[in-house]
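Letters A, B, ... are given to chains in the order of the sequence lines, protein chains preceding strands, and every chain is numbered from 1.
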Amino acid sequence: MIIDHPLLGPRDSAEFVYLGDACLIERPDWQDENALDAFHDYLYLRDNPAGEHRELWFHEQGDRSWLVVTRNTLTHEITKVELARDVARALGRSK
Amino acid sequence: MSDTALYPTPALGGYRADKDGIVVEELTRLAVVSIATPLDGDKALDAAMQKSFGTTPPAPGKVTISKDGKTRFLGMAPGQIFAVFNHDRPDAEKRLAETLSGSAYTTDQTDVWVALRVGGESVVAVLERICPLDLHPDAFPADRCARTVMEHMAAIVLRDGEDGFVLLTARSSARSFLHAVEVSVENVL
Amino acid sequence: MSNTASRQSHRLSGGLVDRNAPLDFTFNGSHYQGFEGDTVASALVANGVKLVGRSFKYHRPRGILTAGSEEPNALLTIGRGAYAEPNTRATVAELYNGLAASSQNHRGPLGFDFMAVNDFFSPFLSAGFYYKTFMWPRAFWEKVYEPLIRKSAGLGALSGEPDPSTYDKGFLHCDVLVIGAGPAGLMAAKTAALSGARVILADEDFRLGGRLNSETYEIDGMPGSEWAQSIVQELSEMDNVRVMPRTTVYGSYDHGIYGALERARDHLSDQGDKPRQILWRIYSKRAILCAGAIERPIAFGDNDRPGIMMAGAVRSYVNRWGAAPGKRVAIFTSNDDGWRTAADLSAKGIEVAAVIDPRTGNAPYQIPNTQIFMGDAVAGTYGRKGITQIALASGREIPVDCLAVSGGWSPNLQLTCHQRGRPAWREDIAAFVPDQGIPVGMSVAGAANGELSLKSALTEGLNKANAALKDLGMKTAPQAAPKSDDEKIAATPFFYVKESKARAWVDQQNDVTVKDVKLAHQEGFRSVEHLKRYTTLGMATDQGKTANVVGLAIMANARGQSIPETGTTIFRPPYTPVPIGALAGRARGKDFRPYRLTPSHSWAEEQGATFVEVGMWMRAQYFPKPGDKSWRDTVNREVETTRNSVGICDVTTLGKIDIQGRDAAEFLNRVYINGFAKLAVGKTRYGMMLREDGIAMDDGTTARLGETHYVMTTTTANAGPVFRHLEFCRQCLWPDLDVHLISTTDGWAQFAVAGPNSRKLLQKVVDTDTDLSNEGFPFMACSEITVCGGTPGRLFRISFSGELAYEIAVPARYGDALIRALIKAGEEFGVTPYGTEALGVMRIEKGHAAGAELPGTTTAQNLGMGGMISKKKDCIGNTLSERPDLNRDDGLRLVGFRPVDRSQHLKAGWHFLSKGSPCDMAHDEGWMTSVAFSPSLDHSIGLGFITRGSDRMGEIVRAVSPATNVDIEVEIVSPHFIDPEGERLRV
Amino acid sequence: MHYSVFKIISEGLKGNTGWKPQWRDPEPRKEYDVVIVGAGGHGLATAYYLAKEFGIRNVAVLEKGWLGSGNIGRNTTIIRSNYLLPGNEPFYEFSMKLWEGLEQDFNYNAMVSQRGIINLYHNDGQQAAYLRRANAMRMAGADSVMLDRDELQKLCPFLDYDNARFPIKGGIMQPRGGTVRHDAVAWGYARGADERGVDIVQNCEVTGFQIKNGVCTGVETSRGPIKAKKVAVCVAGSSSRVMEKAGIRLPIESHVLQAFVSEGLKPTIPGVVTFGAGHFYVSQSDKGGLVFGGDLDGYNTYAQRGGLPVVEDVCEGGMAIMPMIGRARLLRSWGGIMDMSMDGSPFIDHTPVDGLYFNGGWCYGGFKATPASGYCYAHLIAKDEPHEVAAAYRLDRFRRGAMIDEKGMGAQPNLH
């Protein structure tokens, strides 16, 4: 596969390390009342769609950016690639 | 305290070979210092670099060159650039840190890497055996850089001219990397 | 040896071979001659050799069926000794001088194969027979039946020796990849090239031109093969074009990536020391598949005899190679194209005995002096080792020595299916054509797309190239397709001759007959995939390129359905088989993976050290000295010297991550379970890191060098994963923390200097402005220093050995000099270098966890560090570490073990049982993780996990190893075997 | 129809005209006691054991495509019970014992071939880990042998002992490990289940579940609704997709695993050999092909195809340990979709919906588990309590912290 890196252009996916569902960005609050359940669902019950999937890739053999790649798991078509940091900030994550 | 000063040992012993016009040589005097931009510190770093080097930090994959032509800045990642210049004392980072006077976090990378320069007319044919990047001059012109992987080894590729590349690779695996380049030269020429 | 062509009994005049370059070769030990430009098959044809192999199951005599890579029968072993390459298709193997070929799959000589007895038992060996028998008596399957079956497995044999050739790989990039250099491909490549696009033109053949080399077409008034050469010449001279003959594009992968194999030197008698093949990964923006078509056989009685050949292949041998497959030839064709064979043979003066066409009506061509049978079919043949006669459905018998067969042409659309594309049926040409699911960026032109005439192939090559260019936003150069013939291509679906009484072959290599397909239907194996799997149709080395459609047609007929209703089979990569050696490239032997060497590697080599692989690293394992009786002697000496005086170990391999930023302290506080916010500048702290699931991920020390500057160490194995994890935390979880990471692992040569004399030693090396006294530089202190008169360095007072110890680091380029300086400075103390073995012994004596104790399933609680998890702050893993099963009272605890009988040696991997418990899984209480012989205690010691371990100090339990017959008593003790209070560290 | 050599001879003499279909092609009925979703190996085995061992014969197996079209038809055919953890090893050993009597049990020769499986080790740490495993296997009643270099060399003289980047120091062997003709397993179970009255309905896709008040009472299919007292899902590779229709999220990701076969070669490799320092395992089929594989491609996918990097990586591993295969050619590659679970171990459990059962999460190890999975699933469905060897395969184990993580990779499915 080819991942069109938003900063570097197209790169062979072999340069990247895959992590999984992009909702791993949304780490729960440890002080929540149901923190244990929230962390369980966060870590273990991830999206696994047959179709469009937002997922985290790390450009290990490149610029060390974490990317959020929107890819169709049936066709492998990639429709969007974003810097994970931007996605995280847009989700309200900060410090 | 010891009476003898420590001497430096180049990782590849100052290797140089010339086969049918392809020259492979270890650049032993190259210093590499990483410059990390503090959060929200882009403007300050811009200003400091403009003042000290007459240039600006490059975007990832791009290269800028100091006004005196002596220092290349390689855009490595968002908020991270490498300064590459000739300097053979172990204080490159300290010097650069002073120059930038607190506008960035600096880390010496000189000894992390070994620099090999590969040059010659058929250099692209040699490198296409190990390098997955498109090195066609339209796609990867002079003064462009990229980090990639070759023969299972991480490498930074800098094109320093039409027929020349500087390859930075981890010091610990330098011998294996040189072997990979040598085999490519053998196989192609 | 110049004029030996006379020996080539079936060589004709003409053809594209170089008669001035005769080549000697052997087949089954007999000497033959061919010419430069021959394949092994064409040279055998030229020499009148018909019998070239045996089939897989029935060991039927087989000849050459095709002239291309779809060949099912003519599989030879080519080369000698370790160079021998089995299952090589003679039809694509380029002849070279001295080539040695031999046939396969027979016991005894090729002409008298003892295994041919199978053919007589064929009624009992129908499809799937083996699923129904060999079950009784049960023990016989393993001991008798299966060994017999296995003996008859396979066709050719590997030499059993390491492959002596080298292989290479490479990466190519282009705008347009053209696959196949026949008329459509040449036209497409030329069109794309003229526009300035970066073009790659690849073809599996050594002579580009495709069918133009085999036919008598004319283009622009010149013979087709000459026209092809002129285009190839033109393309070769263009900077933006790479012409790659002998290059098979074998697979289509996501996003325009193609795999291609270039057989760079297989055609040379002396391959030299260059790679024999190169595996290219081609990154394309657009690809145009111009792979032509494959001629389809017809199933009729005994249609597998040597001398029965595809009609197009007969034309190839006659026209391209000037080699006559027979001297009296009959042609059996269901389409107009097959008739061309009759015309071409006649033109070469070969007797055409008959043309048989199952279609009724008028003959499409007039062939003089030939019997024409319209509305008839070949129903049977004679001649065990070579065809001698055919029998028609009408009853007529005709003596021949060659039968040319054409059931029509199937587009060569394999690559369109590699991403699960599904072809569609086109009734007018009775063939599947590319349809849905073609790889993104690919288009198909010419015969591969079902455009079977020359004129349409040329036009479509041009048009598809223009479309691709337009797609890419590139200018298209105006040009027209050249003038060419527009030959007749009418065809009618015709797959097998119902009148045949004898077995009729569908898949010749795997011996699948029409009856087998019908039997599969009878037994309920009716989907295409069931058919394939039950009968093995299409599973041979040719992947059913000639067989699949015929098999499908027979199944469709049995089901009373049309072919498209019955289905199709999917083709998977590779298009033709690719040597495993080529796919591996250079990565074999010592070059399988790179070596990482420490800065003291050369010095250690000089000392005669033994090295050990630690991941990619090579580390000194121990340093033998003359007089050491065994490696254990050496290790004991290294440990004792270190504990009693001083030892030095290269610890450069530990991961080092430079962490800077205003929020670095907060960041560390969140990735370690223990607190880091209050670590003072100039101090180092041990940290334990969890995964988010609460399991221990890594541990190490982190030093605070400045207000905003830390250096973290990781274990050698986890340096990469930890860095990735930290970047995840930094970029994805807390994007607004000001923290920056960069690896400096390779940048610092770092040595542990350990033992009571370590301070004294270092005082000789570290420049005097650093106060090394216990007060000036206490346990866990760290500092930037200078060494040996000004070389910058770092010093950490940390200890893995349990002794007074330091780690000293200098830029890696000074590492070699520093180890020499340290050893020299240590001479007066009797310093020893020590390797990973002594390092391991000392850490086990101290009860420190390492890789074996951190296998990815242990918690901080298991390690006895549960109390370290701060409850006052968030950190990765803290929440999920609270799950009940990770906090059970009877959970595992890391403790020490010593044998009750101190003379016994422990071994990692043993399990623990309470005394009196049976040795089964239900009573398993844990296992030994690490062991060492402790020279300090003079007996074997171990670390291990056992349930409730920390509450069981002093208990005697059994350590068992049923796999190696061990059952001994051990005592549970503290894991801190030496200096449990840690007094030595702090002196 | 009983299969035997006598039957083959008598049929051969009659021109093979008397063979009957190996299973019926029934229309689905309106209601069954048990509906099994998925006629892969596990689904068919479940039906077979329900009928044979638990007396439940009013059963339908519904299959979207053709029976055996799941991973039972696209794997590397290895059977073994060389696991480490108490949650796993007794289960796989139970499976191994079922393999050993399978052919006589269902009167179908699936060519169970116990030629042994060897995992190579390359350093002391690996050796210790394998000794721990060898002992765990013995303690669960399985067989295991530790081989030193010399013993290994006698069994596998073709390995690269002298020039390897990661020297081969020995191996762990399970002599009873081996291979089975994969398709024949599906066919044997299908024929056996069919004979006992089970309806195997092909080309019948389940499109939804009938669930009311937390109780599942049947399924919607492409051929109409079918009622059932119990619905048992068994669709590894599609688990998340199917269970989503019942509103259930699973601790599973779908990944592609590629496998490869070479051209047919005369016998050269004795059993199964697995590289310990790279990603490669290989055996040789009864037809002579080298059947080999390695790592997952590593990203979520439902497309049954992989990429070049893994193909090359696997072949590199092959050449690293057995350089004699350089001139053997890769003939065909294929990809199967794996249910990769969060700890690398499977599930055989109730779901929170009454009457709805789930079997999945087999990662790349489902084939060897086929008989035990079918047996234990049938046990669970028939008795509503887990079979003792499958008691750990619960869906709630992550909530409790009771992971069964053989590789120690944590919640990272592509690394299991």
Toward chain C, the part of [X] with a non-hydrogen atom under 4.5 Å:
| X | value |
| --- | --- |
| Leu415(D) | neither |
| Val145(D) | neither |
| Ser333(D) | both |

For chain D, which of Phe592(C), Tyr250(C), Phe129(C) has the most heavy-atom pairs under 4.5 Å? Phe592(C)

Given the options Gly524(C), Ala157(C), Pro884(C), Gly615(C), which has more heavy-atom pairs under 4.5 Å with chain D than any of the others?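 Sorted descending by pairs with chain D, the first entry is Pro884(C).
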
Modelled atom types, side-chain donor and acceptor of [X] and [Y], under 3.5 Å:
| X | Y | result |
| --- | --- | --- |
| Asp405(D) | Thr857(C) | no |
| Asn107(D) | Lys132(C) | no |
| Glu263(D) | Thr541(C) | no |
| Thr929(C) | Arg132(D) | no |
| Gln22(D) | Tyr131(C) | no |

Going by an N to O cut-off under 4.0 Å, is there a salt bridge joining Asp396(D) and Arg883(C)? no

Any salt bridge linking Lys169(D) with Glu613(C)? Criterion: basic side-chain nitrogen under 4.0 Å from a carboxylate oxygen. no

Axial cation check for Phe166(D) ring with Lys590(C), 6.0 Å and 45° limits: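 No, Lys590(C) does not sit over the ring of Phe166(D).
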
Tyr253(C) ring centre to Arg305(D) NZ or CZ under 6.0 Å, with the angle to the axis within 45°? no

Side-chain contact, heavy-atom cut-off 4.5 Å: Arg138(D) with Ser961(C)?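 When only atoms from C-beta onward are counted, Ser961(C) and Arg138(D) do not touch, as no gap falls below 4.5 Å.
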
May I ask you to check whether Tyr130(C) and Tyr108(D) place their ring centres under 6.0 Å from each other? no

Trp23(D)-Phe525(C) aromatic ring centre distance below 6.0 Å: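 Judged by ring-centre distance (under 6.0 Å), Trp23(D) and Phe525(C) do meet the cut-off.
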
Rounded to the nearest 0.5 Å, how far apart are CE of Met324(D) and CD1 of Ile580(C)?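 That separation rounds to 10.0 Å.
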
Interatomic distance, Arg572(C) atom CZ to Trp334(D) atom CH2 [nearest 0.5 angstrom]: 8.5 Å

Identify which of Asn123(D), Asp25(D), Val112(D) forms the greatest number of heavy-atom pairs closer than 4.5 Å to chain C.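 Option with the top pair count is Val112(D).
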
